[in-house]
Enquirer: 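Starting off with a structure, shown below.
Numbers restart at 1 for each chain; the letters A, B, ... are given by sequence-line order, proteins then strands.
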Protein chains: 2
Amino acid sequence: MVSNMKKISEGSTVGVKNVLKSAGIKPTYERLRILKYLEENNNHPTVNMIYDEVVKDIPTISKTTVYNSLNLFVEKDLVLPLVITGTEVRYDRNTKPHHHFLCEKCGKIYDIDIECPYFKKGYVDGYKIKELHGYFKGICKECLKIK
Amino acid sequence: MVSNMKKISEGSTVGVKNVLKSAGIKPTYERLRILKYLEENNNHPTVNMIYDEVVKDIPTISKTTVYNSLNLFVEKDLVLPLVITGTEVRYDRNTKPHHHFLCEKCGKIYDIDIECPYFKKGYVDGYKIKELHGYFKGICKECLKIK
DNA sequence: TTTCATATTTGAAACCATTACAAATTTATA
DNA sequence: TATAAATTTGTAATGGTTTCAAATATGAAA
Ligand SMILES: [Mn+2]
Ligand SMILES: [Mn+2]
Ligand SMILES: [Zn+2]
Ligand SMILES: [Zn+2]
């Protein structure tokens, strides 16, 4: 088993609506659709990836609304922003601290379910840890097969 | 002891000149000064931080030259680019894989000398690891004192 | 329902780090 | 010295993100 992380929700309309309401966010049509995308896709997407899919359902949506919504989700701890490739921010519905793996060949970003003993302790070298950001770069299992 | 990492070089003019030459880089005045800055400061600086200091010695230097030089250093594995704050790239003379700590209060970035067992093995979840990027966010020792 | 205040969305402009590019300058070679 | 190659420089372009004000939608009061 590659990952044993549990899903946050199912991505159903009623599901995401409750998620937004309990976070104190008004569940607008646009926000619901964006959050649904994040729940249905664990691909750590960029703003453009999200926009390109969501605009198929809501042709009038603007990219600014995608930015606004994601910033709001981050503020309310519904979503975790990741900076892995350096060029653009990626968004993760899984806000629990976890590692990632960026494949140099296919560009996919995978979850890596390993533990960091220092993060568990809460301190390193006398410094108080609040967040953990860890990722590997290399070749993923599938691309290794292709050779 | 907070860190037991060894220094790469002393930052002396003859030192950095040899570093550049053995990397196959022509040791121009600008490149020497930029590399010297990196050797004398282990503060993981941004392009602007480097420029602001170097321009005091070389008033005619352009920011493009700082970019060009750093990109060349990265290409020749003399310097490691870090993306930690998300907004701008930082540069590290220490190219050995190591962890970092970003203090939320003072903004300083510290080296953290811990080992990653997965990186040592070379694999996680069947994925081949080539690079390791890990950092913590929190409050550093000094800022904890101030309280 | 109508009215009015508030929240949200939208599109364009601004911002900012980085890159592209071509002209000017320096350096190396003959 | 003359010529070619490499480097530096300044400006313009690029691209992701934010700012901002106008347009639209929502919700409560009348
Ligand atoms: Mn993830
Ligand atoms: Mn470092
Ligand atoms: Zn791959
Ligand atoms: Zn601090």
Enquirer: Generate the contact string for nucleotides 24-30 of chain C. Rules: B means base contact, S means sugar-phosphate contact only, - means no protein heavy atom under 4.0 Å.
Expert: -------
Enquirer: Classify every nucleotide of nucleotides 16-23 of chain D by which part a protein heavy atom approaches to under 4.0 Å, writing B for the base, S for the sugar-phosphate alone and - for neither, in 5'-to-3' order.
Expert: SBBB----
Enquirer: Would you please name every residue forming a side-chain hydrogen bond (donor to acceptor under 3.5 Å, both in side chains) with Asn42(B), sequence neighbours left out?
Expert: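 Listed in chain order: Asp111(B).
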Enquirer: In whole angstrom, give the distance that lies between atom OH of Tyr29(A) and atom P of dT9(C).
Expert: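 Going from OH in Tyr29(A) over to P in dT9(C) covers 13 Å.
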Enquirer: Please tell me which of the listed nucleotides, dT9(D), dT7(D), dT9(C), lies nearest to the side chain of Thr28(A)?
Expert: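 Per side-chain heavy atoms of Thr28(A), the pick is dT9(C).
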Enquirer: What is the distance from CZ of Arg31(B) to P of dT9(D), rounded to the nearest Å?
Expert: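 The distance from CZ of Arg31(B) to P of dT9(D) comes to 11 Å, rounded to the nearest Å.
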Enquirer: Kindly indicate whether the side chain of Leu144(B), heavy atoms from C-beta on, has any atom under 4.5 Å from the side chain of Lys128(A).
Expert: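 The answer is yes; the side chains approach within 4.5 Å.
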Enquirer: Report which part of the nucleic acid Thr46(A) touches: base, sugar-phosphate, or nothing (heavy-atom distance under 4.0 Å, all strands).
Expert: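 Thr46(A): no heavy atom of the nucleic acid under 4.0 Å.
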Enquirer: Does the pair Tyr110(B) and Tyr127(A) meet the rule for a ring-ring contact (aromatic ring centres under 6.0 Å, His included), with working shown?
Expert: CA-CA 10 Å; Tyr110(B) 299 88; Tyr127(A) 302 172; 4.9 Å; yes
Enquirer: Kindly give the heavy-atom pair with the smallest separation between Phe136(B) and His99(B), and that separation in Å.
Expert: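 Minimum heavy-atom separation between Phe136(B) and His99(B): CE1-CD2, 4.4 Å.
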Enquirer: Going by salt bridge (charged side-chain N to carboxylate O under 4.0 Å, His left out), name the pairs with one or both residues in residues 47-72 of chain A, residues two or more places apart or in two chains.
Expert: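 Passing the test, one end in residues 47-72 of chain A: Arg33(A)-Asp57(A), Glu53(A)-Lys56(A).
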Enquirer: Rounded to whole Å, how long is the line connecting atom CG of Asp52(B) with atom C1' of dA17(C)?
Expert: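 The answer, rounded to whole Å, is 14 Å.
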Enquirer: Using the side chain to side chain contact (heavy atoms under 4.5 Å, CB included) criterion, which residues pair with Glu131(A)? Sequence neighbours excluded.
Expert: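 His133(A), Glu104(B), Lys137(B).
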Enquirer: Taking the side chain as every heavy atom from C-beta outward, state whether Val66(A) and Val54(A) have any pair of such atoms under 4.5 Å apart.
Expert: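 Contact flag for Val66(A)/Val54(A) side chains = no.
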Enquirer: Taking only residues two or more places apart in sequence, or in another chain, which ones meet Leu80(B) in a side chain to side chain contact (heavy atoms under 4.5 Å, CB included)?
Expert: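 Expected list: Leu82(B), Asp92(B), Thr95(B).
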